[in-house]
**Student:** 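The following block contains the structure, expressed as structure tokens.
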Amino acid sequence: ALPICLLGAAVGWHLRKNRVRFAHSLLVGPTEIDFVAAAHAARSIGEVLIECKMLQLSGPPKQMARNLRDSLKQLADHRALLEAKGRPVKQAICVLNLTKNNLLTVRRSGFPLGPDGDRLVSYEEFPKWLRTCMSLPA
């Protein structure tokens, strides 16, 4: 798993490397939002909310699923905050410190993640997500 101090730095590095405009540690009232990004002007899709979540890797799958649902709830709350400030969010994701295999294990555990479970992205899959979902060149 990715160390706690590196997850946000890795996300910011990938955004900068791909020349994506973004704000980080954005304060909306008392709430800090990790990243709000926009694709290149020529390919602008509006704002993209990216939250980073460090989760405990040990423990039963039921607890992990609960933690992931809590992360998705926070993502939805942050999206609502931005939109209430007149900043429409076209996409919102939660980048996790989990490997893609860790995330797949939880998804296969039978414990539901809810309808927004596809908004969870492993740090390993974030570069691919960035290129695909933000229409960036490979």
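Just so you know, these numbers come straight off a predicted model, no measurement behind them.
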**Student:** Could you grab the distance from atom CH2 of W13 to atom CG of N18, nearest 0.5 Å is fine?
**Tutor:**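 W13 CH2 to N18 CG: 8.0 Å, rounded to 0.5 Å.
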**Student:** If we ignore angles and hydrogens, is there a donor and acceptor under 3.5 Å between the side chains of N102 and T105?
**Tutor:**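 Short answer, no.
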**Student:** When you compare the side chain of L68 with that of L98, does any pair of heavy atoms fall below 4.5 Å?
**Tutor:**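 Yes. Closest side-chain heavy atoms under 4.5 Å.
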**Student:** Could you tell me which non-hydrogen atom of L7 sits nearest to which non-hydrogen atom of K53, and how far apart they are?
**Tutor:**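 Nearest heavy atoms, L7 then K53: CD2-O, 3.6 Å.
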**Student:** If you round to the nearest 0.5 Å, how far is CD of Q56 from CE of M64?
**Tutor:**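 So the gap between those two atoms works out to 8.0 Å.
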**Student:** Any chance you could measure R119, atom CZ, to I50, atom CD1, to the nearest 0.5 Å?
**Tutor:**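 Result: 12.5 Å between the selected atoms.
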**Student:** First locate atom SG of C133, then atom NZ of K90, and finally report the distance between them rounded to the nearest 0.5 Å.
**Tutor:**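 Spacing of SG (C133) from NZ (K90) equals 15.0 Å.
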**Student:** Could you check whether E83 pairs with R87 (Lys NZ or Arg NE/NH1/NH2 to Asp/Glu carboxylate O, under 4.0 Å)?
**Tutor:**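 Result for this pair is no, no salt bridge flagged.
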**Student:** Kindly compute the distance separating NZ (K85) from CD1 (I33), expressed to the nearest 0.5 Å.
**Tutor:**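 Reported to 0.5 Å precision, the distance equals 10.5 Å.
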**Student:** Where is the tightest heavy-atom contact between C52 and F35, given as atom of each residue plus distance?
**Tutor:**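 The pair with the smallest heavy-atom distance is SG-CE1, 3.8 Å.
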**Student:** So, do R66 and F111 sit near enough that their side-chain heavy atoms are less than 4.5 Å apart?
**Tutor:**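 Not touching, per the 4.5 Å side-chain cut-off.
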**Student:** Where the side chain of S25 meets the backbone of D34, is there a donor-acceptor pair that is under 3.5 Å apart?
**Tutor:**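 No: the side chain of S25 does not pair with the backbone of D34.
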**Student:** Pairing donors with acceptors under 3.5 angstrom, does anything connect the side chains of D70 and Q74?
**Tutor:**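 There is no such pair between these side chains.
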**Student:** Suppose we screen for salt bridge (charged side-chain N to carboxylate O under 4.0 Å, His left out). Which residues come up paired with K100, at least two apart in sequence or across chains?
**Tutor:**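 With sequence neighbours excluded, K100 shows a salt bridge (charged side-chain N to carboxylate O under 4.0 Å, His left out) to E125, given in chain and number order.
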**Student:** Pick one: which of L81, I93, L82, L26 meets side-chain contact (heavy atoms from CB on, under 4.5 Å) with L49?
**Tutor:**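 In the set L81, I93, L82, L26, the residue that makes a side-chain contact (heavy atoms from CB on, under 4.5 Å) with L49 is L82.
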**Student:** Rounded to the nearest 0.5 Å, how far apart are CG of L96 and CD of E51?
**Tutor:**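 Going from the CG atom of L96 to the CD atom of E51 covers 11.5 Å.
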**Student:** Measure across R79 and A92 and return the closest heavy-atom pair with its distance rounded to 0.1 Å.
**Tutor:**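 It is NH1-CB, 4.1 Å.
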**Student:** Please step through side-chain contact (heavy atoms from CB on, under 4.5 Å) for the pair Y123 and T99, ending with a clear verdict.
**Tutor:** CA-CA 7 Å; Y123 73 90; T99 65; 3.9 Å; yes
**Student:** How far apart are the closest heavy atoms of Q91 and V89, and which atoms are they?
**Tutor:**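 The answer is O-CG1, 3.0 Å.
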**Student:** Applying side-chain contact (heavy atoms from CB on, under 4.5 Å), run through L15 and R21 and close with a yes or a no.
**Tutor:** CA-CA 7 Å; L15 292 169; R21 294 185 325 265; over 6 Å; no
**Student:** If you look at every heavy atom in P112 and A65, which pair is closest and at what distance?
**Tutor:**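 What the structure gives for the nearest pair is O-CB, 4.3 Å.
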**Student:** Within the distance-only criterion (no hydrogens, no angle test), does the side chain of N97 pair as donor or acceptor with the backbone N or O of L55 below 3.5 angstrom?
**Tutor:**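 Answer holds: yes.
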**Student:** Check for a donor-acceptor pair, side chain of D116 on one end and backbone N or O of L72 on the other, with a separation under 3.5 Å.
**Tutor:**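 Not at all, since once roles are kept as given, no pair shorter than 3.5 Å links the two residues.
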**Student:** Between R69 (side chain only) and G117 (backbone N and O only), is there a donor and an acceptor less than 3.5 Å apart?
**Tutor:**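 Side chain of R69 to backbone of G117, a donor-acceptor pair under 3.5 Å: no, none is there.
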**Student:** Take the angle between the ring planes of F126 and H14 and call it parallel below 30°, perpendicular above 60°, tilted in between.
**Tutor:**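 Aromatic pair F126/H14 classed perpendicular.
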**Student:** Between V20 and A38, which heavy-atom pair has the shortest distance, and what is it?
**Tutor:**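 In this case the closest contact between V20 and A38 is CG1-O, 3.1 Å.
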